[in-house]
There are 2 protein chains.
Amino acid sequence: MSAPAKTSERAICEAVRNLLETGGEASLSMRAVAQAVGIRAPSLYKRFKSREDLLCAAARDALQELAELLRHPPNDAQTYENLERMAHLYRKFAKKNPRTYALIFSSETMAAREDLLAARQAAAEPLFVLLAHAVGKDTALPAARLLVSYLHGFLSMELAKTFRFGGNIQDAFHFGLTKVLDSLLVSKKLE
Amino acid sequence: MSAPAKTSERAICEAVRNLLETGGEASLSMRAVAQAVGIRAPSLYKRFKSREDLLCAAARDALQELAELLRHPPNDAQTYENLERMAHLYRKFAKKNPRTYALIFSSETMAAREDLLAARQAAAEPLFVLLAHAVGKDTALPAARLLVSYLHGFLSMELAKTFRFGGNIQDAFHFGLTKVLDSLLVSKKLE
DNA sequence: ACCTGAACACCGTTCAAGT
DNA sequence: ACCTGAACACCGTTCAAGT
């Protein structure tokens, strides 16, 4: 006879993300996660083959949420404004889920995990499409790498509290974003 | 009678960095570090009050090395060329010490550690000085934040193997760097 | 002062046993 | 099929004892 499932993969991912944001990685023991969803640690291994697998599932969950967020820009606006808007949505997501955001990019856990690389790629897709349309296929790739590098770098440093000389951080973000977009879309913007 | 010191803080930091680069964070147990310098784990606590302290010391060590590397640009060159050169030195350091580089910026361990924030600031200082000279005091801060965000973001993604669509990565780095520097120094460059 | 072995509470993971 | 308690090897850390 089947023991009824007390939880679900979905609920576990949610619990992981909540625990992570509340208490940091240190609070993410298998026992703590299990308790949060009302089971015991060994049961988690029926659904995830290791702790790393569990964290990756939570990261994938967050990446899907991010992809969703970026998927539907209002397409009546200019390319430039759409890119600007997506950048601010990206920042908003990172600031709302700082530790999950760090998890997504924690190289040690995540590099070389095919599913996660694909999920990151999917999240970056709408941005890539906009850029391809704006700068042409030839430069779309390096252009995307510039924009994504700036976004990730800024957020990474902002969340790690590396910006310590005051000044308005929001303004600094917008300043850099404008420089990056301008440098990529100069000709486009003048049309 | 004093038991003679079998090792030094210096040697321990070196061992930590070697172990880290060789085997990743997983191989960085207190027992493994101790063994690498010929002592037992409890002795490490005479010098560092916790594992986190030990990792921070290694990170500080690496940051000092980076600061040294960036400290002496040939000042007969143009500001633009100096910035370009520093950016490539920064990338070279990160690629040579990928896991140590990740450690330096691992937010969870490192945020809010005053000594590390100061060390990061010291490493960024020469870059900041060059920019202040180039764009003026008013915009030096956001300009530095843009450049540093780009550098860190690009390296962070490159080391995490996030760039998966081929294309020459070195070229992409230079492409983005040129866009960033141009957008900041347009007027300067025309002089 | 610095080093050590023994011990503590904790962790990820396995496994045989229950329903 | 899913859940469980007991057990394993490991970990960071403490401490009393050695020199």
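Chain letters run A, B, ... following the sequence lines, proteins first, then strands; residues in each count from 1.
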| From D:dC3, C:dC2, C:dT4, nucleotide with atom closest to B:Ser43 side chain | C:dT4

| task | Starting at atom CD of B:Gln35, determine the distance to atom P of D:dC11, rounded to an integer number of angstrom. | result | 11 Å

| Counting only side-chain N and O atoms of B:Ser29, is one of them less than 4.0 Å from OP1 or OP2 of D:dC11? | yes

| Taking the side chain of A:Tyr45 as heavy atoms from C-beta outward, which of D:dC3, D:dT13, C:dG12 is closest to it? | C:dG12

| request: Could you tell me whether the side chain of B:Glu84 reaches within less than 4.5 Å of the side chain of B:His174, counting heavy atoms only? | output: yes

| said: Whether B:Asp53 and B:Arg47 form a salt bridge (side-chain N of Lys/Arg under 4.0 Å from carboxylate O of Asp/Glu) is what I want to check. | reply: no

| Salt-bridge present (A:Glu114, B:Arg164; N to O < 4.0 Å) | yes

| Heavy-atom donor-acceptor pair, A:Arg31 side-chain to C:dG12 base, under 3.5 Å | yes

| Nearest-Å distance, CD1 (A:Ile12) to C1' (D:dC3)? | 12 Å

| From C:dC3, D:dC3, D:dT13, nucleotide with atom closest to A:Lys46 side chain | D:dC3

| request: Calculate the interatomic distance between A:Met30 atom CE and D:dC8 atom P; express it in whole Å. | output: 20 Å

| Taking the inter-plane angle between the rings of A:His152 and A:Tyr101 on a 0 to 90° scale, is it parallel (under 30°), tilted (30 to 60°) or perpendicular (over 60°)? | tilted

| message | Measure NZ/B:Lys6 against C1'/D:dT19 and give the value in whole Å, please. | response | 11 Å

| request: Please confirm whether A:Arg91 makes a cation-pi placement over A:Phe173, using NZ or CZ under 6.0 Å from the six-membered ring centre and within 45° of the ring normal. | output: yes

| request: Show your reasoning for whether side chain to side chain contact (heavy atoms under 4.5 Å, CB included) applies to A:Tyr80 and A:Asp182. | output: CA-CA 9 Å; A:Tyr80 188 95; A:Asp182 282 358; 2.9 Å; yes

| field | Atom-to-atom span, CD1 of B:Ile39 to P of C:dT4 - whole angstrom | value | 7 Å

| task | Return the value, rounded to whole Å, for the distance between atom CZ of B:Arg40 and atom C1' of D:dT14. | result | 17 Å

| said: Nearest to the side chain of B:Arg51, heavy atoms from C-beta on, is which of C:dC3, D:dT4, D:dT13? | reply: D:dT13

| field | Pair assignment for DNA chain C - dot-bracket with | for other-strand partners, Watson-Crick or G-U under 3.5 Å | value | ||.|||||...|||||.||

| said: Just N and O in the side chain of B:Lys49: are any of them under 4.0 Å from OP1 or OP2 of D:dT13? | reply: no

| Option from B:Ile12, B:Leu28, B:Thr100 for which side-chain contact (heavy atoms from CB on, under 4.5 Å) with B:Arg17 holds | B:Thr100

| query | For A:Phe48 and D:dC2, what is the distance between atoms CZ and P respectively, to the nearest whole Å? | reply | 12 Å

| Out of C:dT4, D:dG5, D:dC3, which has the shortest distance to the side chain of A:Pro42? | D:dG5

| Whichever of B:Leu44 and A:Leu28 has its nearest DNA chain C nucleotide further upstream toward 5' | B:Leu44

| task | Round to a whole Å and report the spacing from CD of B:Glu9 to C1' of C:dA1. | result | 15 Å

